[in-house]
**Student:** 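This is the structure I have questions about; it appears just below.
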Amino acid sequence: MEYILLHLIISSVGVILMRNGALMLSKGATALSTKSHFSGLRVGLTIVALGTSIPEVAVSLISTFKNEETLAFGTLIGSNTFNIVFGLGLTTFFTSIRVFAKSIWRDLLVAILGGVLLFVLLNKQLIFNIGANYLTRTDALILFSTFVFYYIIIFTNKKSRREISLLNAQKHSSFHQFNKQTIVRNIIVGILIICVGAYIVVIEALLLNSTTPLSSRFIGVSIMSICTSLPEITTTLAAIKRKRQDIALGNIMGSYIINFLLTPCLLTIKGEAFYDYTLNYDLIFSILICTLCITLALSSKNYVLNKFTSIILLLLGILFYVTTYLRG
């Protein structure tokens, strides 16, 4: 018991570091969007999403060399689910997020299609009766190519007139006073702090996994996913506080896409990565919850994710984690 408590205390240090790093990254990203021609959505989908996805990347790399692919897949899937049901759920409880039509049809659909593509590649034997339950390097190449193609499309996105008007209205905010050096420092230092915190959390989770009867799937989908999602949640709430819903939504959707299209590729560094079929329930739930978001946004009058959305997401999130616990 004392041994487990020590791991939890050390892990909390890593969690605090990730939180502080995420706040620095959020400040740098907001200032970058404010003072450059980059749209907030583009910054959220790229720099912020890549920075806050570092914990999942760390899990994938370390798990690969520890032969703990189930822990890695569980963390990626669980992190995406947690970011939407609780990250987006809590955010929309306090403030409505208007999702513009362009964002819906490009980013949310890419997120859903990315999840479906990953599901198909991991279940080739189940669907086509070929191969086995492994993610191969060919599969990784397909995922990576899709990710690169998507990022090429992202960089055609410029600031909208509405965003320019919003920033002009906030021209006296502190972010207009940031110079280039301050912006770069906040982004780089923030990412480095997240890296250190993520490494601590991942190592402690692996040690906890080896000393408890809990399955790798359960630890990945629940404990690890919640810990690694902290940077996304912190950054999202910080962006909402600064009235930058575009960065907040871009961060959540960007992290979702990275976790399903880019990060799994790292698991094939040593060769084929084993996939536990019991994770299919979690993967399908993650895809469906993202599909629900686009359905709710499209069905609303002004493409708004509001408190009604929040209640549905939070209830489904509670249901998901209760069933996860019962499955063991």
**Student:** If you measure from CG on Leu283 to CD1 on Ile287, what distance do you get to the nearest 0.5 Å?
**Tutor:**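 Nearest 0.5 Å value for the CG-CD1 distance: 4.5 Å.
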**Student:** So with a 6.0 Å cut-off around CZ of Phe274, is the heavy-atom count from everything else above 12?
**Tutor:**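 Correct, the count exceeds 12.
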**Student:** Side-chain contact, heavy-atom cut-off 4.5 Å: Cys293 with Leu88?
**Tutor:**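 Yes. Closest side-chain heavy atoms under 4.5 Å.
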**Student:** For a side chain to side chain contact (heavy atoms under 4.5 Å, CB included) check, start with the C-alpha distance between Asp282 and Thr81, then their side-chain angles and the critical distance, and finish with the verdict.
**Tutor:** CA-CA 8 Å; Asp282 310 288; Thr81 302; 5.9 Å; no
**Student:** How close do Thr136 and Glu272 get, heavy atom to heavy atom, and via which atoms?
**Tutor:**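 Distance-wise, the nearest heavy atoms are CG2-OE2, 3.5 Å.
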**Student:** Compare all side-chain heavy atoms of Glu69 with those of Leu135 and state whether any distance is below 4.5 angstrom.
**Tutor:**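 No, every pair of side-chain atoms sits at 4.5 Å or beyond.
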**Student:** Is there a path of hydrophobic side-chain contacts, each under 4.5 Å between heavy atoms of I, L, V, M, F, W or Y residues, that connects Ile77 with Ile127?
**Tutor:**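 Linked, Ile77 and Ile127 end up in one cluster.
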**Student:** Would you give the length of the straight line joining atom CG of Leu122 to atom CZ of Phe73, rounded to the nearest 0.5 angstrom?
**Tutor:**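 One finds 5.0 Å between CG of Leu122 and CZ of Phe73.
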**Student:** Less than 4.5 Å apart, any side-chain heavy atom of Leu292 and any of Ile289?
**Tutor:**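 The answer is yes, as the side chains (C-beta and beyond) meet within the 4.5 Å cut-off.
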**Student:** Quick one about Tyr277 and Asn123 (side-chain donor to acceptor, distance below 3.5 Å, no hydrogens or angles considered), yes or no?
**Tutor:**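 The criterion, which ignores hydrogens and geometry beyond distance, is not satisfied for Tyr277 and Asn123.
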**Student:** With heavy-atom distances below 4.5 Å as the criterion, would you say the side chains of Leu261 and Phe144 are in contact?
**Tutor:**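 Counting from C-beta outward, Leu261 and Phe144 never come under 4.5 Å.
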**Student:** Which word best sums up how the rings of Phe285 and Phe320 line up, parallel for under 30°, tilted for 30 to 60°, or perpendicular for over 60°?
**Tutor:**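 Phe285 and Phe320: parallel rings.
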**Student:** How close do Gln125 and Asn133 get, heavy atom to heavy atom, and via which atoms?
**Tutor:**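 Minimum heavy-atom contact is OE1-N, 4.5 Å.
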**Student:** Can you check side chain to side chain contact (heavy atoms under 4.5 Å, CB included) on Thr228 and Met18, steps first, answer last?
**Tutor:** CA-CA 8 Å; Thr228 57; Met18 286 195 294; 5.7 Å; no
**Student:** If the plane angle is over 60° it's perpendicular, under 30° parallel, otherwise tilted; pick one for Phe86 and Tyr321.
**Tutor:**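 Correct class here is tilted.
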**Student:** Please tell me if the side chains of Met253 and Val110 come closer than 4.5 Å, counting only heavy atoms from C-beta onward.
**Tutor:**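 In short, these two side chains do not touch, never coming nearer than 4.5 Å.
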**Student:** Could you check whether Ser79 and Glu56, counting side-chain N and O atoms only, form a donor-acceptor pair closer than 3.5 Å?
**Tutor:**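 Yes, Ser79 and Glu56 have a side-chain donor paired with an acceptor closer than 3.5 Å.
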**Student:** Give a yes or no on whether Leu315 and Tyr325 share a hydrophobic cluster (residues Ile, Leu, Val, Met, Phe, Trp, Tyr; joining criterion: side-chain heavy atoms under 4.5 Å apart).
**Tutor:**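 No, no single cluster joins them.
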**Student:** Are Asn280 and Leu126 side-chain neighbours, meaning at least one heavy-atom pair lies under 4.5 Å?
**Tutor:**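 Answer yes - side chains close enough.
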**Student:** Measure the shortest side-chain to side-chain distance between Arg327 and Val221 over non-hydrogen atoms and say whether it is less than 4.5 angstrom.
**Tutor:**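 No; the side chains remain at least 4.5 Å from each other.
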**Student:** Looking at every non-hydrogen atom in both residues, tell me the closest pair between Asn83 and Ile252 and how far apart they are.
**Tutor:**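 Looking at all heavy atoms of both residues, the closest pair is O-CD1, 4.1 Å.
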**Student:** Nearest 0.5 Å, please: how far is CG in Leu143 from CZ in Phe147?
**Tutor:**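 Answer rounded to 0.5 Å: 11.0 Å.
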**Student:** Are any of the side-chain heavy atoms of Leu230 and Pro55 separated by less than 4.5 Å?
**Tutor:**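 In short, these two side chains do not touch, never coming nearer than 4.5 Å.
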**Student:** Would you give the length of the straight line joining atom CD1 of Ile257 to atom CG of Leu108, rounded to the nearest 0.5 angstrom?
**Tutor:**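 Going from CD1 on Ile257 over to CG on Leu108, the span is 8.0 Å.
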**Student:** Grab the two heavy atoms, one from Ser286 and one from Phe260, that are nearest each other, plus how far apart they are.
**Tutor:**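 Closest approach of Ser286 to Phe260: OG-CZ, 3.8 Å.
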**Student:** Counting only heavy atoms not in Phe119 (residues, nucleotides, ligands), do more than 12 fall under 6.0 Å from its CZ?
**Tutor:**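 Yes, CZ of Phe119 has more than 12 neighbouring heavy atoms, counting only those of other groups under 6.0 Å.
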**Student:** Please determine whether residues Val196 and Ile16 belong to a single hydrophobic cluster, defined as Ile, Leu, Val, Met, Phe, Trp and Tyr linked transitively by side-chain heavy-atom distances below 4.5 Å.
**Tutor:**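 No, it is not one cluster - the side chains of Val196 and Ile16 are not joined through contacts under 4.5 Å.
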**Student:** First locate atom OG1 of Thr75, then atom CD1 of Ile223, and finally report the distance between them rounded to the nearest 0.5 Å.
**Tutor:**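 These two atoms lie 10.0 Å from each other.
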**Student:** In terms of heavy-atom contacts, does OH of Tyr151 have more than 12 from other residues, nucleotides or ligands at under 6.0 Å?
**Tutor:**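 Counting neighbours around OH of Tyr151, more than 12 heavy atoms of other residues, nucleotides or ligands fall under 6.0 Å, so yes.
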**Student:** Using every non-hydrogen atom in the two residues, find where Leu76 and Asn259 come nearest and quote the distance to one decimal.
**Tutor:**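 That closest heavy-atom pairing would be CD1-O, 3.8 Å.
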**Student:** How long is the span from the CE atom in Met24 to the CG atom in Asn20, to the nearest 0.5 Å?
**Tutor:**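 These two atoms lie 9.5 Å from each other.
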**Student:** Same cluster or not: Ile194 versus Leu266, using hydrophobic residues (I, L, V, M, F, W, Y) connected whenever any side-chain heavy atoms lie under 4.5 Å apart?
**Tutor:**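 No: no chain of side-chain contacts under 4.5 Å links Ile194 to Leu266.
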**Student:** Looking only at heavy atoms, which two atoms of Leu61 and Phe65 are closest? And how far apart?
**Tutor:**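 Here Leu61 and Phe65 meet closest at O-CD1, 3.0 Å.
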**Student:** Would you kindly confirm whether Ile284 and Val116 end up in one hydrophobic cluster when ILVMFWY residues are joined by side chain heavy atoms under 4.5 Å apart?
**Tutor:**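 Looking at the clustering, Val116 is in the same group as Ile284.
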**Student:** Between the main-chain N or O of Ile269 and the side-chain N or O of Arg137, is there a donor-acceptor pair closer than 3.5 Å?
**Tutor:**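 Pair found, side chain donor or acceptor close to backbone of Ile269.
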**Student:** Could you check whether any side-chain N or O of Thr268 sits under 3.5 Å from a backbone N or O of Cys265, counting only pairs where one atom can act as donor and the other as acceptor?
**Tutor:**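 The answer is yes, because a donor-acceptor pair under 3.5 Å joins these two groups.
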